[in-house]
There are 2 protein chains.
Amino acid sequence: MPVSARDVARVAGVSVSTVSRALTRPDDVAPETRTRVLDVARGLGYLPNPAARSLITGRTGNIGLVVPDLENPFFASITKGFHARARSFGYAAFIADSDEDPAAEPELVRNLAKQVDGLVLCSPRGPEEVIAGMARDCPLVLVNRTCGDVATVTVDDHDGVRQAMVYLQALGHRRIAFAGGPRASWSNARRLSAFRSVGAQHPDTELVELGFFSPHVSGGTAAADLLIASGATAALAYNDLVAFGLLEGLRRRGVVVPRDMSLVGIDDIPMSGLAHPGLTSVGTPLVNVGRAAVDTLVAMVRDPTAPALHQDDLPVQLVVRGSTAPRRTAPAHAGPG
Amino acid sequence: MPVSARDVARVAGVSVSTVSRALTRPDDVAPETRTRVLDVARGLGYLPNPAARSLITGRTGNIGLVVPDLENPFFASITKGFHARARSFGYAAFIADSDEDPAAEPELVRNLAKQVDGLVLCSPRGPEEVIAGMARDCPLVLVNRTCGDVATVTVDDHDGVRQAMVYLQALGHRRIAFAGGPRASWSNARRLSAFRSVGAQHPDTELVELGFFSPHVSGGTAAADLLIASGATAALAYNDLVAFGLLEGLRRRGVVVPRDMSLVGIDDIPMSGLAHPGLTSVGTPLVNVGRAAVDTLVAMVRDPTAPALHQDDLPVQLVVRGSTAPRRTAPAHAGPG
DNA sequence: TTGTATGCGTTATCAC
DNA sequence: GTGATAACGCATACAA
């Protein structure tokens with residue numbers, strides 16, 4: 001049933017090498033021979049065996065993606081973009097899910113390393129040394145974090161946070177809280193630092209750092225009471241999931257969004273537009289992040305001698321929806337004091 | 001840099017064959033030789049080349065999954081389960097996204113066929129002949145549809161619809177609408193038929209079929225006005241996304257859920273619990289569907305002679321949340337008549 | 001332009 | 001229990 005180059009060669013009346021050439025470098029073969037071989041190949045449904053090919057060429061025609069959680073809409077969107085772009089380049093796509101466990105990443109990478117031409121890695125919390133080690137196993141592109149000379153694709157977190165805060169200030173908010181993500185998260189460090197630096201430029205605005213939370217809905221529900229107690233009238237969340245958790249937690253306490261509290265998320269995952277109220281969020285081009293990572297990886301693979309590319313600071317754009325409103329002069333909910 | 005079996009053999013002072021055996025059939029080699037070889041292998045960081053191995057064994061150690069849309073939470077969850085189970089069996093996982101285009105599936109399958117031991121295919125709308133053709137390219141397991149003798153994993157749609165309708169009837173609803181999915185969708189046919197058959201057993205309940213809609217939020221928003229005009233007090237949606245669209249469309253018209261209308265979705269995707277009001281939904285074990293598909297596939301691969309497995313009708317369980325309530329005696333919104 | 005010969009890294013077969 | 005050897009399917013260098 002499996003048809004090999006030998007079969008094609010026999011039927012077309014040529015040698016195996018001519019079959020190989022007709023497919024890989026058509027120009028090196030006489031036009032009439034070429035068409036005959038190609039016709040026979042198509043007729044027989046011949047497809048080159050990737051394993052045999054990769055054994056010779058050293059290339060696999062595959063690339064892979066490692067993410068912490070495929071069910072997380074953030075990574076689902078990146079995966080979508082990754083696959084689409086990979087396909088457009090003719091690559092097949094491996095995926096791996098570390099289940100939020102950075103310790104699982106090295107093994108996943110090693111298992112894939114020999115079967116891919118390169119990998120894209122989303123590791124928000126993996127230690128630098130470990131990342132560097134994986135980069136030695138196989139061409140690597142990091143998403144949303146940096147690590148030494150390793151190639152990278154990041155979004156402009158700083159500008160996103162700036163946009164969100166400028167907007168909240170324009171709405172009249174003067175006490176703004178930040179519900180952070182995991183302590184070890186590279187993005188969180190970046191977003192927190194942006195929060196502080198933007199705040200420092202606006203002395204009339206008080207900043208409240210609520211702490212570090214899980215980057216999921218549960219993290220937001222955990223932060224909700226702290227937010228209420230903080231006296232802030234608006235909050236920026238580490239990401240949309242945390243913002244949803246805040247929304248839920250506030251609702252339980254009778255705090256109405258956006259009347260009593262304005263909420264801004266980051267990432268603008270697809271469900272943020274569907275929620276009610278719609279979540280105002282810093283729009284991140286998630287699918288493009290996946291695409292850009294593939295572009296970077298392909299560039300590396302095609303010219304391994306070139307220095308690592310850094311597609312830094314992809315632009316973001318605040319998307320305003322129903323979870324934000326002008327500050328009320330007299331807060332309706334019980335704050336401290 | 002890449003270390004081969006030859007390197008291990010040389011360092012360990014044995015032949016390449018022994019190295020191979022020590023890794024694949026440890027029992028066939030003397031204990032002391034084995035430990036020495038294994039130690040050297042580990043020390044050198046040796047990993048067998050999968051391409052070379054697959055060339056001779058005919059097996060790849062990979063399996064693949066083809067879905068219509070990785071960003072759709074329904075398939076994201078299935079993908080999650082697929083990968084987890086694949087990994088636990090030692091398989092690496094390919095993925096492919098057909099972008100909702102059934103016509104793209106055969107090409108995706110063909111591209112992957114030679115690199116995998118088998119594929120799981122989610123093709124809600126692909127024509128039977130095409131599916132059958134793909135099943136010839138490579139061991140195949142279908143998710144949520146059947147096709148001749150091709151192996152299959154499905155959930156118990158009929159019972160799910162029954163649970164939903166019995167529940168709505170218990171709440172007092174006597175006019176229940178169904179917002180269907182795509183006309184060509186296998187699941188939709190199944191769910192619609194269950195809707196009718198359950199309805200037929202309850203002569204005191206009127207059924208309204210609103211029509212066929214896109215299986216996304218947009219489909220639900222399109223159906224909302226039809227739902228209002230139908231005079232139904234409760235609706236069952238093809239899936240949760242359609243239910244969300246209904247929710248949004250009803251909100252725009254001032255119809256309050258669940259006060260004026262009860263809404264039930266199907267699938268219970270993760271975001272259904274986060275929405276407000278929470279969506280009552282027929283809970284489908286999505287992650288388990290992915291797992292079950294891998295189990296079925298692995299069974300096929302291990303014993304190709306066995307007849308195709310059919311893990312039919314995985315159990316479902318209605319999850320009640322805020323989008324359903326007892327029928328009000330006097331509807332507040334304008335219905336016909 | 002085409003065919004022959006070689007080798008990629010591994011497993012399988014068969015001697016020893 | 002171990003080693004030499006062939007073979008998997010293909011791409012490449014080289015010869016013709």
Side-chain angles (χ1 to χ4, degrees), chain A residues 1-41 44-62 90 92 110-111 113-117 138, chain B residues 1-38 40-41 44-62 90 92 110-117 138:
Chain A
M1 199 60 206
V3 37
S4 80
R6 277 180 60 171
D7 303 319
V8 178
R10 188 158 17 80
V11 175
V14 296
S15 74
V16 191
S17 40
T18 300
V19 173
S20 172
R21 269 189 294 258
L23 273 79
T24 55
R25 286 194 313 279
D27 297 339
D28 286 16
V29 62
E32 57 179 26
T33 324
R34 179 196 339 164
T35 57
R36 182 158 36 97
V37 170
L38 262 40
D39 283 351
V40 171
L44 264 47
Y46 168 72
L47 285 179
N49 182 319
R53 172 175 283 183
S54 101
L55 206 48
I56 300 276
T57 63
R59 286 174 312 244
T60 63
N62 304 323
R110 283 184 68 85
N111 286 345
K114 294 250 184 158
Q115 301 199 70
V116 299
D117 296 338
C138 149
Chain B
M1 199 60 204
V3 37
S4 81
R6 276 181 60 172
D7 303 319
V8 178
R10 189 158 15 82
V11 174
V14 295
S15 75
V16 194
S17 322
T18 301
V19 173
S20 174
R21 267 190 295 259
L23 271 78
T24 55
R25 287 193 313 278
D27 296 340
D28 286 16
V29 62
E32 58 179 26
T33 325
R34 179 196 336 160
T35 56
R36 182 158 37 97
V37 170
L38 262 42
V40 172
L44 264 48
Y46 168 72
L47 285 179
N49 183 320
R53 171 176 285 182
S54 102
L55 204 50
I56 187 91
T57 63
R59 286 174 311 243
T60 63
N62 304 323
R110 282 184 67 83
N111 287 344
L112 253 30
K114 295 250 183 157
Q115 299 199 73
V116 299
D117 296 337
C138 147

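Residue numbers begin at 1 in each chain, while the letters A, B, ... track the order of the sequences. Treat the numbers as computed from the prediction; the structure is a model and nothing was measured.
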Taking only residues two or more places apart in sequence or in another chain, which ones pass side chain to side chain donor-acceptor pair (under 3.5 Å) with [X]?
X	value
Arg59(B)	none
Asn111(B)	none
Ser54(B)	none
Ser15(B)	Thr18(B)

By the 4.0 Å heavy-atom rule, please label Thr33(B) as base, sugar-phosphate, or nothing. sugar-phosphate
At under 4.0 Å between heavy atoms, what does Thr18(A) touch on the DNA or RNA strands: base, sugar-phosphate, or nothing? sugar-phosphate
What pairs of donor and acceptor atoms, side-chain ones from residues 5-13 of chain A against any protein atom, are under 3.5 angstrom apart with sequence neighbours left out?
unit_1, atom_1, unit_2, atom_2, d
Asp7(A), OD1, Arg10(A), NH2, 2.8
Asp7(A), OD2, Ser4(A), N, 2.8

Which is the 5'-most and which the 3'-most nucleotide of DNA chain D that has an atom under 4.0 Å from a heavy atom of chain A? dG9(D) to dA13(D)
When the side chains of residues 20-33 of chain A are checked against the rest of the protein, which donor-acceptor pairs come out under 3.5 Å, sequence neighbours left out?
unit_1, atom_1, unit_2, atom_2, d
Thr24(A), OG1, Ser20(A), O, 2.9
Arg25(A), NE, Asp28(A), OD2, 3.2

Set out, in order, the CA-CA distance, both residues' side-chain angles and the distance that settles side chain to side chain contact (heavy atoms under 4.5 Å, CB included) for Cys138(A) and Val116(A), then state yes or no. CA-CA 8 Å; Cys138(A) 149; Val116(A) 299; 4.0 Å; yes
Kindly compute the distance separating [atom1] ([X]) from [atom2] ([Y]), expressed to the nearest 0.5 Å.
X	Y	atom1	atom2	result
Arg110(A)	Leu47(B)	CZ	CG	4.5 Å
Leu55(A)	Asn49(A)	CG	CG	9.5 Å
Asn62(A)	Gln115(B)	CG	CD	4.0 Å

Contact letters for nucleotides 8-16 of chain C, in which S counts primed atoms plus P, OP1 and OP2 and B counts the base, heavy atoms under 4.0 Å: BBSBB----
Given that both pair distances must be under 3.5 Å and the pair must be Watson-Crick or G-U, what runs of three or more consecutive pairs involve DNA chain D? C:3-16 with D:1-14
